[in-house]
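For reference, the structure is listed below as structure tokens.
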Amino acid sequence: MSPFRDPYSAKPFEGLKFVDVGCGGGILSEPLARMGATVTGIDAVEKNINIAQLHADLDPGTSSIEYLCTTAEKLVEEQRKFDAVLALEVIEHVAEPAEFCKSLSALTVSGGANVISTINRSMRAYATAIVVAEYLLHWLPKGTHEWSSFLTPEELVLILQRASISVQEMAGFVYNPLTGKWSLSDDISVNFIAYGTKNTE
Amino acid sequence: MNRAIVRRITPNIRTWRSTLKTFCSDTSEKLHGSDGDKAVTVKSSSLDSTDNVPQYDVAIVGGGMVGMALACSLASMPLTKHLNVAIIDSNPALLARDNIKKEDAPDPRVSTVTPATISFFKGMGAWQYVQLHRHAFFDRMQVWDYTGLGYTRYSARDVDKAVLGCVVENKVLQRSLLSCMEDSDVKKKIYPSRLNSMTLHKSSLLSGTDSISSEPSGSLAKLNLSDGDCLYAKLVVGADGSKSHVRKLAGISTTGWKYPQNAIICTVEHTEDNRCAWQRFLRTGPIALLPMGDNYSNIVWTMGPQQAADRRSMNEADFLKAVNDALDDGHGPHPQSERIGDGGILAWLRSDETSSASEHFEVPPRITKLASDRMVFPLSLMHANNYVSKRVVLIGDAAHTVHPLAGQGVNLGFGDANSLSRVIAEGVAVGSDIGEMALLKRYESERKAANIAMMAILDGFQKAYSIDFGPLNVLRAAAFHGVNYISPLKKNIISYASGEQRLPLFT
């Protein structure tokens, strides 16, 4: 692995192995593959993997993505290791978040990156992510999210720490209804994303 | 969130498999050319994979100034240098290796490039090629009309700049962009033929059938060319002029109207050196004299179609007399050079006065010789209702045409090319598919507002000057005086016309 990566190159992730846990239709896996990463996308739902595979085959830049219908735990059993493990909008759907984080950690090489995004268990999140998004604007089907399974940032940091991952940075996503655009911000009260590194042994 | 959205999509997998089979035509079929003169029979070859058909990231249909500017801009940025670009244009000049010679008489097809366009070229490294050929900077401009009631003089010094613009032959601009691209090591291929048809989703756009229930953005666009070649592209750029074939194939409708005017253009010679751009509005339309260097200038004279045809066919001596009349004191008197009186009501305006407000009215140089053929072009206003469609984007005249009265047309096109190449770079930086609508819509929202504002203003001018009516003439004269003496307004106008400002009046 080269010591310096040019953030302005078109393929900054060349030579790195990523795993996209809960990849769905490949919405995150594809851009990462285009940016040079060797991507493995996993999802527990077979239909998602089929769609993802078909879509990725249409573009030669993404046809090398390895899609597997499996879970993080099974990948740990296969002793797979990745330079970066990404689980965006997954942990709020998992029955045992602490165990899930231990699996993510086991998949990461020492010193590797972990990126987890989820929704905060706050009143604002209940109002926006559930009431507005599911019931008013119908962005998501009703019942997609359970408020009680949301994690607060503090809880996430704690369970990641117990899984040997130190959180380095956190940010929030905010939506501007006037422009219809999402952007990164310091506001972690609704959607937030955490970047952590696996402790070196 | 993405998993929830994916659960809602119900694809028909069988439909996908069957559509994956058709490629460069299994049976020979007649392809209809854009003007019907070429009915080409495609070689029958049944291919089961895309291995034999070249794939490009960007296919630019139309290798004119704006199409080449986009290609050159992509070639000059580190994020987009690696993109495979195909340029489709049947113009033999693109492949010709002969250089433009200095002794050649100036071509009457010229463009006035604004300072914003010049910076764009400099940023790509293409301006140094333009400087090798004939080009003329000008730092002054004078605008007046046949009523002789007022005039406005502009100077680059009003906005603390050295030049207002530069007049360059179109072929020089095009050749400079091509040379700039050739000297860089980018992957590009020029296809010397024309686009016949285009398909997306492996189902014909033209027949309108789309049996796939969901709309994936993953499939490529397939282009069929008139010489039988075909190629795939992630993004098809329509840079093929006002009668854009790409725009028609994409089904994008337009709004606009024909002006009841044609423009006659030619190159003329005069005895004195000229570094000023002159424009005089006559009853039938404006006549512009643009400096080209070496005692040459370019004439753009707008008038009714019948008059244009007459002026084109009349002999040289008569034509030169008509031109000198149009520029000088035929059609109406010269405006008086007067200053607003010293002191008095308007003295407060003079503290911030621009240097050009104190300049007197000057008579343009006397034209002595005709140096090229006279060409006539019809004029119209056109604006595409959308600039983007699935995997298709329009730039330049394919998206909009304007009246030449302010020399803005191609500069709007260069603005489009600049904006599109930046949007593509932003897309590549985060691994997007460069043909996806969300990315292309960003380009559209950037350019539409700016283009529409400029077009509305130019159309307004065209209409304001086409009526000869006493009170309106006085209003126009007042406007001339107002712009000439109200410095903030004049500076604003110069900034806007130079391309430094995106929207008029809102700094």
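Quick note on labels: first sequence line is chain A, next is B, and so on, each numbered from 1. These numbers come from the heavy atoms of this one structure, side chains and all, not from hydrogens, waters or symmetry mates. Just so it is clear, the model here is predicted, and its values are computed rather than measured.
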Enumerate donor-acceptor pairs with a distance under 3.5 Å from any side-chain N or O in residues 104-119 of chain A to protein atoms, sequence neighbours excluded.
unit_1: Ser105(A); atom_1: OG; unit_2: Ala163(A); atom_2: O; d: 2.5
unit_1: Thr108(A); atom_1: OG1; unit_2: Leu104(A); atom_2: O; d: 2.7
unit_1: Thr108(A); atom_1: OG1; unit_2: Asn114(A); atom_2: OD1; d: 2.9
unit_1: Ser117(A); atom_1: OG; unit_2: Glu89(A); atom_2: N; d: 3.1
unit_1: Ser117(A); atom_1: OG; unit_2: Glu89(A); atom_2: OE2; d: 2.8
unit_1: Thr118(A); atom_1: OG1; unit_2: Glu92(A); atom_2: OE1; d: 2.7

Exercise. Which residues in residues 73-88 of chain B have any heavy atom lying under 4.5 Å from a heavy atom of chain A?
Worked result: Leu79(B), His82(B)
In terms of heavy-atom contacts, does [atom1] of [X] have more than 12 from other residues, nucleotides or ligands at under 6.0 Å?
X         : atom1 : answer
Glu78(A)  : CD    : yes
Asn385(B) : CG    : yes
Tyr126(A) : OH    : no
Lys11(A)  : NZ    : yes

Problem set entry | Heavy-atom side-chain proximity of Asp59(A) to Lys234(B) below 4.5 angstrom |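 In contact.
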For this session: Compare all side-chain heavy atoms of Arg34(A) with those of Asp433(B) and state whether any distance is below 4.5 angstrom.
Result: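 Answer yes - side chains close enough.
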Problem set entry | With Gln161(A) via side chain to side chain contact (heavy atoms under 4.5 Å, CB included) - residues at least two apart | Leu158(A)
Exercise. With sequence neighbours left out, what residues match Phe192(A) under ring pair (Phe, Tyr, Trp, His ring centres under 6.0 Å)?
Worked result: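 By the ring pair (Phe, Tyr, Trp, His ring centres under 6.0 Å) rule, Phe192(A) matches no residue at all.
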Problem set entry | Spacing of Glu436(B) atom CD and Glu30(A) atom CD [to the nearest 0.5 Å] | 9.5 Å
For this session: Compare every heavy atom of Leu58(A) with every heavy atom of Leu220(B), then report the nearest pair and how far apart it is.
Result: CG-O, 4.2 Å
Exercise. Using a cut-off of under 4.5 Å for heavy-atom pairs, which of Pro60(A), Gly61(A), Pro12(A) has the most such pairs with chain B?
Worked result: Pro60(A)
